[in-house]
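Quick caveat: nothing in here was measured; it's all calculated off a predicted structure.
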Amino acid sequence: MTKSELIDLLAARYGQLVTKDAELAVKTILDAMSHSLVSGERIEIRGFGSFGLNHRPPRLGRNPKTGEKVRVPEKFVPHFKAGKALRDQVDFQDQEAADKL
Amino acid sequence: MTLTKAELSELLFEKVGLNKREAKELVDTFFEEIRLALANGHTVKLSGFGNFQLRTKPQRPGRNPKTGQEIPISARRVVTFHASQKLKSLVEQHCRGTTPA
């Protein structure tokens, strides 16, 4: 599913919502989520999951072409942890069958 | 300090002009549709933000850490999130040297 398919789904589900507004709503949500992470803030969506940042300490890397050592500065990377409802839904529907595998 | 559905609804109320009830419903539906797509085995690609992908993991041996008893961890399907290049570089630029959430 892509962003535009999600927009179409939302517009179809809410008769009074025109596609232009659905588009703006999705953009508003995603921008707010990106903005949160960029400012170092967590995102917590009950039942869906949480987004946060993981720290990567500085390290000595190597340029694979020249073999030369380079300092890689510390950085933060976005991280997602699925919530319980999402985890359970995404896992095999028939848990008994999965257990027998 | 944490972004939640309540703040997202508030933003839709302010920026898209939905009423409070519609805004809350739309935020719920947004995450519900993503969850449904994943539960049905589809990858979700939100351009500019990131992709939610599914991974199928085979059964593997595990242990009860309390008793040391060996028990198999059943085969399962899990969600992984990969932030887009755009989000990763924004986070990297802004969060260097600061303390994140």
Side-chain angles (χ1 to χ4, degrees), chain A residues 1-6 9-10 13-14 16-17 21-22 24-55 73-83 85-87 89-93 95 98-101, chain B residues 1-5 7-8 11-12 14-18 22-23 25-27 29-39 41-50 52 54 56 58-59 74-83 86-88 90-101:
Chain A
M1 181 170 79
T2 61
K3 185 154 72 178
S4 50
E5 284 165 353
L6 177 59
L9 271 172
L10 292 174
R13 182 137 165 200
Y14 294 101
Q16 79 278 24
L17 191 72
D21 286 345
L24 180 58
V26 168
K27 186 179 182 306
T28 304
I29 294 174
L30 292 176
D31 282 354
M33 292 172 69
S34 298
H35 184 259
S36 266
L37 291 172
V38 169
S39 18
E41 236 183 61
R42 288 174 52 77
I43 306 167
E44 284 178 18
I45 308 293
R46 179 70 46 96
F48 184 79
S50 60
F51 297 84
L53 297 178
N54 278 347
H55 181 238
E74 68 159 351
K75 62 175 180 182
F76 291 97
V77 292
H79 168 79
F80 172 71
K81 185 166 187 282
L86 178 61
R87 264 201 323 267
Q89 268 186 30
V90 159
D91 202 356
F92 299 106
Q93 300 293 313
Q95 193 55 50
D99 285 343
K100 281 181 202 151
L101 283 177
Chain B
M1 272 312 282
T2 301
L3 185 71
T4 63
K5 286 203 279 196
E7 279 84 55
L8 290 174
L11 276 171
L12 292 190
E14 284 167 19
K15 296 202 172 169
V16 189
L18 303 179
E22 290 167 341
E25 271 180 28
L26 193 74
V27 170
T29 312
F30 174 87
F31 291 105
E32 222 172 87
E33 291 292 353
I34 295 177
R35 209 165 68 184
L36 264 173
L38 291 167
H42 301 294
T43 295
V44 176
K45 297 182 176 183
L46 303 174
S47 111
F49 185 72
F52 294 91
L54 294 162
T56 308
Q59 180 185 312
S74 58
R76 62 192 59 209
R77 191 166 70 174
V78 298
V79 185
T80 56
F81 174 70
H82 298 273
K86 185 181 156 197
L87 179 58
K88 276 197 261 187
L90 280 174
V91 164
E92 217 177 294
Q93 280 166 34
H94 286 79
C95 294
R96 187 162 290 159
T98 60
T99 321

Asker: Kindly assign one of parallel, tilted or perpendicular to the pair A:F48 and B:F31, based on the angle between their ring planes and the thresholds 30° and 60°.
Answerer: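 The arrangement is tilted - the two ring planes meet at 30° to 60°.
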Asker: Looking at every heavy atom in both B:V91 and A:F76, which two are closest together, and how far apart are they?
Answerer: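 Closest approach of B:V91 to A:F76: CG1-O, 3.4 Å.
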Asker: Once rounded to the nearest 0.5 Å, what's the spacing between atom CE of A:M33 and atom CG of B:L8?
Answerer: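 The CG atom of B:L8 is 7.0 Å from CE of A:M33, to the nearest 0.5 Å.
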Asker: What part of A:L86 gets closer than 4.5 Å to chain B, counting heavy atoms only: side chain, backbone, both or neither?
Answerer: both
Asker: Measuring from A:H79:NE2 to B:F81:CZ, what's the distance to the nearest 0.5 Å?
Answerer: 11.0 Å
Asker: For the interface with chain B, which of A:L24, A:T28, A:I45 has the highest count of heavy-atom pairs at distances below 4.5 Å?
Answerer: A:I45
Asker: Counting only heavy atoms closer than 4.5 Å, note whether B:L38 contacts chain A via side chain, backbone, both or neither.
Answerer: both
Asker: Looking only at heavy atoms, what is the nearest atom pair of A:E41 and B:L3, with distance?
Answerer: OE1-N, 3.9 Å
Asker: Return yes when atom NE2 of A:H35 has more than 12 non-hydrogen atoms of other residues, nucleotides or ligands closer than 6.0 Å, and no otherwise.
Answerer: no
Asker: Ignoring hydrogens, what is the shortest heavy-atom contact between B:L90 and A:V38? Give both atom names and the distance.
Answerer: CB-CG2, 3.7 Å
Asker: Just so I know, are the side chains of B:F49 and A:I29 near enough to count as touching, which here means a heavy-atom distance under 4.5 Å?
Answerer: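 A side-chain contact is absent here, since even the closest heavy-atom pair is not under 4.5 Å.
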Asker: Return the minimal non-hydrogen interatomic distance between A:K3 and B:S47, and the atom names on each side.
Answerer: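 Scanning both residues, the minimum pair turns out to be NZ-O, 3.0 Å.
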Asker: Please classify the contact between B:T43 and chain A as side chain, backbone, both or neither, with a heavy-atom cut-off of under 4.5 Å.
Answerer: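 For B:T43, the backbone is the part near chain A, not the side chain.
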Asker: Side chain, backbone, both or neither: which part of B:I34 has a non-hydrogen atom closer than 4.5 Å to chain A?
Answerer: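 B:I34 touches chain A through backbone and side-chain heavy atoms alike.
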Asker: Counting only heavy atoms closer than 4.5 Å, note whether B:E7 contacts chain A via side chain, backbone, both or neither.
Answerer: neither
Asker: Do you know the tightest heavy-atom contact between B:E33 and A:M1?
Answerer: O-CE, 3.8 Å
Asker: When rounded to the nearest 0.5 angstrom, what distance separates OG1 in A:T2 from NZ in B:K45?
Answerer: 9.0 Å
Asker: Taking A:A25, A:A22, A:G47 one by one, which has the highest count of heavy-atom pairs under 4.5 Å against chain B?
Answerer: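 The answer is A:A25.
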Asker: By a 4.5 Å heavy-atom criterion (distance strictly below it), what part of B:V16 contacts chain A: side chain, backbone, both, or neither?
Answerer: both
Asker: Specify which of B:E22, B:E25, B:K5, B:K15 makes the most heavy-atom pairs with chain A at under 4.5 Å.
Answerer: B:E25
Asker: Is any side-chain heavy atom of A:D31 less than 4.5 Å from a side-chain heavy atom of B:L11?
Answerer: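 When only atoms from C-beta onward are counted, B:L11 and A:D31 do not touch, as no gap falls below 4.5 Å.
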Asker: Any heavy-atom pair between the side chains of B:H42 and A:E5 that's under 4.5 Å?
Answerer: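 In short, these two side chains do not touch, never coming nearer than 4.5 Å.
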Asker: What part of B:T56 gets within 4.5 angstrom of chain A, counting heavy atoms only: side chain, backbone, both, or neither?
Answerer: side chain
Asker: Let's test your reading of the structure: which of B:L46, B:V79, B:L12, B:T29 forms the most heavy-atom pairs below 4.5 Å with chain A?
Answerer: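 That would be B:T29.
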Asker: Heavy atoms only, distances under 4.5 angstrom: which of A:S36, A:G49, A:S4 has the most pairs with chain B? Name it, please.
Answerer: A:S36
Asker: Flag the one option from B:L36, B:L54, B:V27, B:V44 with the top tally of heavy-atom pairs under 4.5 Å to chain A.
Answerer: B:V44
Asker: Which heavy atom of B:R77 sits nearest a heavy atom of A:V90, and at what distance?
Answerer: NE-O, 2.8 Å
Asker: Less than 4.5 Å to any heavy atom of chain A: does that hold for the side chain of B:L26, its backbone, both, or neither?
Answerer: both
